Amino acid sequence: MNLLIPPNFRTHFAELFRQAANAITTVDPTLRIELARTKQAIHGDYSCNLAMQLAKTLHKNPREIAQSLVDHLPDSPYIEKTEVAGAGFINIFLKNAAKQHYLTFVLRSKDMFGTSNVGGGKRIQVEFVSANPTGPLHVGHGRGAAIGASLSNILTAAGYAVSREFYVNDAGRQMDILTLSTWLRYLDLNSIEIPFPSNAYQGDYVKVMAGLIHQAHGQRYVHQPESLLQDLPIATNGETDDTDERLDQLIANAKKILGQDYAYIHNFVLTEQLGDCRNDLMEFGVEFDTWFSEQSLFDNGLVAHTIQLLDKKHFLYQQDGATWFRSTRFGDEKDRVVQRENGQFTYFASDIAYHLNKFERGFDLVINIWGADHHGYIPRVKGALQALGLDPARLEIALVQFAVLYRNGKKASMSTRAGEFVTLRELRQEVGKDAARFFYVMRKSDQHLDFDLDLATSQSNENPVYYVQYAHARVCSVLSQWEGDRADLVDAGMAALTTAAELALLQKIIDYPDVIEIAAKELSPHLIAFYLRELASEFHSYYNSTRFLVPDTSIQHARLALIASIQQILSNGLRLLGVNAPDKM
RNA sequence: GUGCCCGUAGCUCAAUUGGAUAGAGCACCAGCCUUCUAAGCUGGGGGUUACAGGUUCGAUCCCUGUCGGGCAUGCCA
């Protein structure tokens with residue numbers, strides 16, 4: 001047996017079972033042979049349910065088939081014994097030596113342990129956050145950021161070539177509203193008071209940007225503000241006249257009044273907000289390879305081109321002056337407008353162009369991480385891809401449910417308009433980057449997340465992230481007090497690791513690459529968080545029951561090799577989640 | 001009204017996607033520091049997996065219905 005590089009035991013055994021199955025019957029080559037980790041030690045380390053799967057077609061007793069499979073199973077140097085159990089499970093017991101020797105592999109692999117090539121270098125794009133650059137990121141964006149970044153790291157570890165992308169919505173009405181809001185605040189600084197619409201952006205950051213413009217350019221952008229209020233729809237019922245129509249007319253007037261200067265302010269606020277966003281995310285440990293501008297799709301004519309393509313394929317029609325896409329042909333509940341009566345393309349139109357562009361860039365798989373409120377949007381986007389002749393299965397959409405903040409046992413309000421939402425930056429300051437990153441991926445992403453600020457702050461010692469980090473720090477502490485050379489541990493004899501706790505820890509270590517593989521396949525970063533907590537738990541228990549710095553060097557080295565391996569995995573796993581692994585706490 | 005998602009211990013959540021006796025953390029109770037970090041450990045009680053049927057060797061998972069919750073149903077982005 002090759003002692004240097006042990007196999008992935010699950011795929012290794014699956015292959016053996018396939019050979020055994022072929023020996024007793026003709027097996028469908030597409031049949032997936034599943035090896036599962038057992039929950040209980042008496043069932044061994046891995047179990048296979050192949051006999052039960054074959055029972056139907058063979059019309060035989062599953063236990064009988066299981067015994068036959070075991071009889072035909074090729075020899076493996078890693079198997080201690082096999083047993084037929086229960087309804088027809090085949091349980092595999094690994095040799096202790098195989099488990100023990102695995103530590104050498106872990107310690108040799110170091111930072112690379114856990115990585116694999118199951119992705120085969122396939123190109124994947126992960127698009128996430130993609131928040132409108134119209135204000136600070138809030139805690140909802142934070143969850144998308146944490147999940148997207150962790151998932152990207154996991155996919156990279158699993159052997160995919162990952163590209164992280166942020167789609168910048170710099171072309172739409174929201175940006176115009178922000179531009180107008182900023183200009184109004186700027187006029188206010190120049191002692192020109194115009195009633196501030198309640199449906200414009202209220203946040204203080206708007207005043208800050210207005211101040212920056214005022215500071216740099218003085219009165220440069222004060223233009224005939226008196227005509228701003230021309231042609232506004234008349235309020236019909238009292239003061240609550242801040243309608244969308246009114247806001248749009250204000251924007252139109254501002255564009256007319258400002259002329260070229262409108263573009264300056266628009267560009268200024270965009271640059272400011274994007275810069276703030278990028279900075280915020282960087283401090284959160286989240287970085288992107290590409291910031292893709294929506295506006296560029298218009299500038300390059302890609303939106304018009306894409307709509308023409310759809311038209312050529314006869315998926316468009318005119319009605320009520322607008323242009324519609326026949327998304328009902330692809331399972332959507334109604335057709336969707338791509339070009340409005342006024343000639344403007346809709347957001348959907350540019351989004352089709354964007355997704356076409358993604359695939360034209362050569363990605364094998366495209367993953368969008370969206371807020372769950374966008375779920376109704378999926379059929380039309382996939383439909384558009386199909387209409388363009390692309391396989392919609394190459395677009396995978398991971399929905400992330402909202403994070404609901406709780407403070408003092410009550411829901412914290414997150415109304416943007418009232419300006420009282422909690423920003424990601426505030427959250428980071430309150431609970432710290434590590435706790436926030438870990439907390440965000442502690443739940444399955446398609447589950448609602450209750451983010452208890454009181455638990456994450458005042459009782460921060462009970463936060464799970466400290467539990468994992470503490471395990472890492474404890475190992476570091478032991479190793480630093482040991483007077484030896486870490487390199488000596490790599491080839492230490494591991495035969496002394498024979499207790500139930502030690503063998504269970506060894507198996508847990510062996511599981512790590514599988515966890516990454518499954519987390520990548522299922523797009524489920526939370527599996528890493530759960531695994532790390534379990535590993536830390538088993539370590540803490542072991543720590544309390546066993547001394548490491550014992551006189552007998554063969555025992556000492558074996559145990560230190562074990563905990564050094566644990567430390568390596570904790571460090572590697574936390575890195576995937578964007579969490580620090582401190583040496584001291 | 002219609003569509004999608006969800007309902008698991010007092011609370012917050014898992015369960016290798018159909019596997020063996022459904023698991024953790026909080027919270028509660030009782031213990032463990034003169035010895036490598038007590039942000040830790042050990043033990044204990046806690047469940048008809050919302051409810052009722054169905055499919056099969058086997059169901060928290062799949063199907064049907066009922067009840068309850070969330071989201072979506074723009075020529076917004």
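Just so it is clear, the structure is predicted and the values come from calculations on it, not from any experiment. Letters A, B, ... are given to chains in the order of the sequence lines, protein chains preceding strands, and every chain is numbered from 1. As a basis for the values below, the full set of heavy atoms in this structure was taken, side chains included, without hydrogen atoms, waters or symmetry mates.
- A sub-4.0 Å separation between OP1 or OP2 of B/A38 and a side-chain N or O of A/Arg474 is present.
- Put simply, A/His526 has a side-chain N or O that comes within less than 4.0 Å of OP1 or OP2 on B/A15.
- Here B/C57 is the nucleotide among B/C57, B/C75, B/U35 with the atom lying nearest to any side-chain atom of A/Ala87.
- Distances from the side chain of A/Asp373 to the nucleotides B/A72, B/C13, B/A39 place B/A72 closest.
- A/Tyr470 is linked by a side chain to side chain contact (heavy atoms under 4.5 Å, CB included) to A/Arg474, A/His540, A/Met585, counting only residues two or more places apart in sequence or in another chain.
- Distance from the side chain of A/Arg37 is smallest to B/U16 among B/C13, B/U16, B/C36.
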For residues 41-52 of chain A, run the donor-acceptor check on the side chains, cut-off 3.5 Å, and write out each pair with its distance to 0.1 Å, sequence neighbours left out.
from: A/Asp45; atom 1: OD1; to: A/Lys99; atom 2: NZ; distance (Å): 3.0
from: A/Asp45; atom 1: OD2; to: A/Leu94; atom 2: N; distance (Å): 2.8
from: A/Asp45; atom 1: OD2; to: A/Lys99; atom 2: NZ; distance (Å): 3.4
from: A/Tyr46; atom 1: OH; to: A/Gln507; atom 2: NE2; distance (Å): 3.2

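- The glycosidic torsion of B/C26 lies more than 90° away from 0, placing the base in the anti range.
- Residue-level contact check: A/Asp320 touches the bases, meaning some heavy atom is under 4.0 Å from a base atom.
- Nearest nucleotide to the A/His540 side chain, out of B/C5, B/G19, B/C41: B/C41.
- Atom CD of A/Glu534 and atom OH of A/Tyr531 lie 9.0 Å apart (nearest 0.5 Å).
- Of all nucleotides listed (B/A77, B/U35, B/A15), B/A77 comes nearest to the side chain of A/Arg340.
- For the side chain to side chain contact (heavy atoms under 4.5 Å, CB included) test, residues two or more places apart in sequence or in another chain that qualify with A/Ala496 are A/Ile555, A/Ala558.
- Closest approach to the A/Tyr470 side chain among B/C75, B/U73, B/A39 is made by B/A39 (side chain taken as heavy atoms from C-beta onward).
- The glycosidic torsion of B/U17 lies within 90° of 0, placing the base in the syn range.
- No hydrogens or angles were tested; on distance alone, a donor-acceptor pair under 3.5 Å links the side chain of A/Glu522 to the base of B/U17.
- Comparing atom distances between the A/Gln174 side chain and each of B/C76, B/C41, B/A14 picks out B/C76 as nearest.
- No hydrogens or angles were tested; on distance alone, a donor-acceptor pair under 3.5 Å links the side chain of A/Asn91 to the base of B/A20.
- Dashed line: the shortest gap from a side-chain N or O of A/Gln53 to OP1 or OP2 of B/C57 is not under 4.0 Å.
- Distance from the side chain of A/Tyr347 is smallest for B/A77 among the nucleotides B/G3, B/A77, B/A15.
- At a threshold of 4.0 Å, the pair A/Glu127-A/Lys358 counts as salt-bridged, since one of the basic side-chain nitrogens sits closer than that to a carboxylate oxygen.
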Just list the side-chain donor-acceptor pairs under 3.5 Å for residues 373-383 of chain A, sequence neighbours left out, or say none.
from: A/Tyr377; atom 1: OH; to: A/Asp351; atom 2: OD2; distance (Å): 3.1
from: A/Lys382; atom 1: NZ; to: A/Pro392; atom 2: O; distance (Å): 3.3
from: A/Lys382; atom 1: NZ; to: A/Leu395; atom 2: O; distance (Å): 2.8

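- Under 4.0 angstrom from either OP1 or OP2 of B/A39 there lies no side-chain N or O belonging to A/Lys584.
- Stacking of the aromatic ring of A/His375 onto the base of B/A72 is not found under the criterion of centres within 5.5 Å and planes under 30°.
- You'll find the ring centres of A/Phe438 and A/Tyr466 outside the 6.0 Å limit.
- A sub-4.0 Å separation between OP1 or OP2 of B/A22 and a side-chain N or O of A/Lys39 is absent.
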*Can you run through RNA chain B from 5' to 3' and write each base as (, ), [, ], | or . depending on how it pairs? Watson-Crick or G-U wobble, both distances under 3.5 Å.*
(((((((..((((.....[...)))).(((((.......))))).....(((((..]....))))))))))))....
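- Judged by distance alone, with hydrogens and angles left aside, A/Ser537 brings no side-chain donor or acceptor close enough to the base of B/A24 to form a pair under 3.5 Å.
- Each salt bridge (Lys or Arg N to Asp or Glu O under 4.0 Å) pair with one or both residues in residues 554-571 of chain A, not counting sequence neighbours, appears once here: A/Glu502-A/Arg559.
- Looking at every heavy atom in both residues, A/Pro133 comes nearest to A/Val168 through CG-CG1, 4.1 Å.
- The phosphate of B/G25 has neither OP1 nor OP2 within less than 4.0 Å of any side-chain N or O from A/Tyr466.
- The residue among A/Ser477 and A/Phe345 whose nearest nucleotide of RNA chain B lies closer to the 5′ end is A/Ser477.
- Residue-level contact check: A/Leu549 touches the bases, meaning some heavy atom is under 4.0 Å from a base atom.
- One C1' atom belongs to B/G19, the other to B/C62, and the distance between them is 15 Å to the nearest Å.
- In terms of phosphate contacts, A/Thr346 brings no side-chain nitrogen or oxygen within less than 4.0 Å of OP1 or OP2 of B/G74.
- Distances from the side chain of A/Tyr543 to the nucleotides B/G40, B/U16, B/A38 place B/A38 closest.
- Side-chain atoms of A/Trp324 lie closest to B/C75 of the nucleotides B/C75, B/A20, B/U17.
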